[in-house]
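Heads up: numbering here begins at 1 and tracks the sequence.
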Amino acid sequence: MAMINDPQRVEQAYRLAKECYAAWGVDTEVALARLATVPISLHCWQGDDVNGFERQVDQIGGGLAVTGNYPGRAQTPDQLRDDLQQALSLIPGRHRLNLHASYAEPGGKPVPRNELGPEHFRGWIDWARQQGLGLDFNPTYFAHEKANDGLTLAHPDPGIRQFWIQHGIACRQIAATMGRMLGTPSVMNVWIPDGYKDQPADRQGPRQRLTESLDAVFAEPLDPNWIRDAVEAKLFGIGSEAYVVGSHEFYLGYAITRNKLLCLDAGHFHPTEVISDKISAVMLWLDQLLLHVSRGVRWDSDHVVTLTDELQAIAQELVRGDYLHRVHIGLDFFDASINRVAAWVIGTRCMIKALLMALVEPIDLLQQAESSGDLTARLALQEEFKTLPYGAVWDYYCLKSGVPVSRLWLDDIQRYEVDVLAKR
Ligand code: RNT
Ligand code: ZN
């Protein structure tokens, strides 16, 4: 019996799959070449439960909650980098790392967030260069004494607002330096927790203050070859159920009028509302988009990404609309109840698999059926396409990319758990 990763078996299955797709008018070689050019930005915070390395307060706060106590959490920058390297070695393609400001390495005494500079990220930049990774970046507006009452850039106290404005300004300099040093623009995404648990008396004031604060953060024009600014909306958080200052409508308007990237997080809307339907709408008005691909489950917006209908729909929209060069794909989930390195691998491999499925879809046939008004054929074909042999194409892509085929990546993770994680 042939092994799962027997190259001859994988290649034979691929040859048959390639013929099958060719019969539908799809060139799998073209699809794989395109797939290899799409980077996914892995979020550093899956590796250590959003802790970072400068926790001053007990709770992460900001309405973020990480549940689970699986052993082996990364506790130092080197451990986190080792874990990321392990994850990346099991994921086909070239990708990026998305860092939060709270992962600074000040060395010696802590540096206040409004005084952070590129020098505090030297370790990350050097490592990223060695690994051939681009870096993306986020100011950290939570897990801090000045964010304890759930308000930051929209805070009524001008002193607190000013502190957070300075943090945003400092982070833009850091991101721009990362972009310049690594030769690839760093997407800097602003997400703030600001909101109220219960009905506010004034919904407008905080939004006006947020507008002014953001304008101050973004005041200095920076080279788009080094940095792209993004803003991320949210419907509600834990402890901000009644009102979130930075809502979708707020940030859509802000991004359009200020020429910023909008960040759509898949877990930040009503449970039946999906971002796959929003992409083609916002791309009419925006130059570029940032995605936080995630999976909402009931109250939680951040479960590990799996190959759901919605993930496939997101990937289909990116391909069908020809948006891949205008959309930055980032991941955003955190699960402390399973092996954290495996969580990265599962989520990222699923994202890439969904993109592959979208790239080998015989979309012309669907669109022809639709434009000729044959909606019966459209539905029939959509269902037929669900069982085309993309699994064989995916295995072949993994083989050719030098990463484990099918479930075999899990063996590496189990070994890493015994050799490294269990000893922490
Ligand atoms: C929170 C946002 C945000 C965070 C990270 C840690 O709801 O999704 O993107 O997950 O900044
Ligand atoms: Zn997010």
Answer yes when [X] and [Y] have at least one side-chain N-carboxylate O distance shorter than 4.0 Å, and no when they do not.
{"X": "Lys234", "Y": "Glu241", "answer": "no"}
{"X": "Asp322", "Y": "Arg326", "answer": "no"}
{"X": "Arg295", "Y": "Glu310", "answer": "no"}
{"X": "Arg340", "Y": "Asp83", "answer": "no"}
{"X": "Arg161", "Y": "Glu212", "answer": "no"}
{"X": "Glu383", "Y": "Lys386", "answer": "yes"}
{"X": "Arg258", "Y": "Asp215", "answer": "yes"}

Side-chain heavy-atom pair [X], [Y] within 4.5 angstrom cut-off:
{"X": "Cys398", "Y": "Arg349", "value": "yes"}
{"X": "Asp136", "Y": "His328", "value": "no"}
{"X": "Leu99", "Y": "Met178", "value": "yes"}
{"X": "Phe250", "Y": "Leu210", "value": "yes"}
{"X": "Asn189", "Y": "His292", "value": "yes"}
{"X": "Phe137", "Y": "Ile227", "value": "no"}
{"X": "Trp191", "Y": "Leu64", "value": "yes"}
{"X": "Asn339", "Y": "Glu417", "value": "yes"}

Positive for side-chain contact (heavy atoms from CB on, under 4.5 Å) with Val293, one of Ile275, Leu311, Thr348: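 Exactly one pass, corresponding to Leu311.
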
So, for [X] and [Y], which heavy atoms are closest and what is the spacing to 0.1 Å?
{"X": "Ile352", "Y": "Pro92", "value": "CD1-O, 3.5 Å"}
{"X": "Trp409", "Y": "Leu90", "value": "O-CD1, 3.8 Å"}
{"X": "His248", "Y": "Leu262", "value": "CE1-CD2, 4.1 Å"}
{"X": "Glu317", "Y": "Tyr323", "value": "O-CD1, 3.5 Å"}
{"X": "Val66", "Y": "Ala336", "value": "CG1-CB, 3.7 Å"}
{"X": "Met283", "Y": "Leu289", "value": "SD-CB, 3.7 Å"}

Between the side chains of [X] and [Y], does any donor sit under 3.5 Å from an acceptor?
{"X": "Thr152", "Y": "Asp194", "value": "yes"}
{"X": "Asn51", "Y": "Asp49", "value": "no"}
{"X": "Asp287", "Y": "Asn259", "value": "no"}
{"X": "Asp78", "Y": "Thr76", "value": "no"}
{"X": "Trp344", "Y": "Gln86", "value": "no"}

Should we say atom [atom1] of [X] is surrounded by more than 12 heavy atoms from elsewhere, each under 6.0 Å from it?
{"X": "Arg94", "atom1": "CZ", "answer": "no"}
{"X": "Asp223", "atom1": "CG", "answer": "yes"}
{"X": "His325", "atom1": "NE2", "answer": "yes"}
{"X": "Gln75", "atom1": "CD", "answer": "yes"}

Is a side-chain donor or acceptor of His95 paired with a backbone partner of Ile40 at a separation under 3.5 angstrom?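 Looks like yes, one N/O pair under 3.5 Å.
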
Is Ser294 reaching over with its side chain to a backbone N or O of Ser301, donor-acceptor style, under 3.5 angstrom?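 It does hold such a pair.
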
Could you please spell out the steps behind the side-chain contact (heavy atoms from CB on, under 4.5 Å) verdict for Val245 and Arg209? CA-CA 10 Å; Val245 183; Arg209 292 195 290 272; over 6 Å; no

To the nearest 0.5 Å, what is the distance between [atom1] ([X]) and [atom2] ([Y])?
{"X": "Leu290", "Y": "Lys260", "atom1": "CG", "atom2": "NZ", "result": "13.5 Å"}
{"X": "Asp265", "Y": "Leu331", "atom1": "CG", "atom2": "CG", "result": "10.5 Å"}
{"X": "Leu135", "Y": "Ser186", "atom1": "CG", "atom2": "OG", "result": "6.5 Å"}
{"X": "Leu252", "Y": "Leu286", "atom1": "CG", "atom2": "CG", "result": "6.5 Å"}
{"X": "Thr67", "Y": "Tyr70", "atom1": "OG1", "atom2": "OH", "result": "15.0 Å"}
{"X": "Leu182", "Y": "Thr184", "atom1": "CG", "atom2": "OG1", "result": "7.5 Å"}

Run the side chain to side chain donor-acceptor pair (under 3.5 Å) test against Lys278 and tell me which residues pass, sequence neighbours left out.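 Lys278 satisfies side chain to side chain donor-acceptor pair (under 3.5 Å) with Glu273 only.
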
Start with the C-alpha gap between Cys44 and Leu97, add the side-chain angles, then the distance that decides, and say whether side-chain contact (heavy atoms from CB on, under 4.5 Å) holds. CA-CA 7 Å; Cys44 70; Leu97 174 67; 4.0 Å; yes

Intermediate values then yes/no, salt bridge (Lys or Arg N to Asp or Glu O under 4.0 Å), Arg81 and Glu105: CA-CA 13 Å; Arg81 287 189 278 261; Glu105 297 175 82; 2.9 Å; yes

Apply ring pair (Phe, Tyr, Trp, His ring centres under 6.0 Å) to His43 and Phe333, showing your working. CA-CA 8 Å; His43 51 313; Phe333 51 78; 4.4 Å; yes

Pair listing, ring pair (Phe, Tyr, Trp, His ring centres under 6.0 Å) test, anchored in residues 355-395, at least two apart: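 Residue pairs passing ring pair (Phe, Tyr, Trp, His ring centres under 6.0 Å), neighbours aside: Trp24-Phe385.
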
Tell me which pairs pass ring pair (Phe, Tyr, Trp, His ring centres under 6.0 Å) where either residue lies in residues 203-237, with sequence neighbours left out.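 The answer is none; no pair qualifies.
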
Please test Asn98 against Trp45 for side chain to side chain donor-acceptor pair (under 3.5 Å), starting from the C-alpha separation and ending with a verdict. CA-CA 9 Å; Asn98 190 11; Trp45 52 94; over 6 Å; no

Stepwise side-chain contact (heavy atoms from CB on, under 4.5 Å) check, Val319 with Glu361: CA-CA 9 Å; Val319 171; Glu361 185 184 56; over 6 Å; no

Classify the ring geometry between Tyr141 and Trp164 as parallel (under 30°), tilted (30 to 60°) or perpendicular (over 60°).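 Taking Trp164 first and then Tyr141, their aromatic rings sit tilted (interplane angle of 30° to 60°).
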
Describe, in one word, how the ring planes of Tyr103 and His100 are oriented to each other, choosing from parallel (under 30°), tilted (30 to 60°) and perpendicular (over 60°).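 Tyr103 and His100: tilted rings.
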
Ile165 vs Leu153, test: side-chain contact (heavy atoms from CB on, under 4.5 Å). Steps then yes/no. CA-CA 7 Å; Ile165 289 169; Leu153 288 177; 3.9 Å; yes

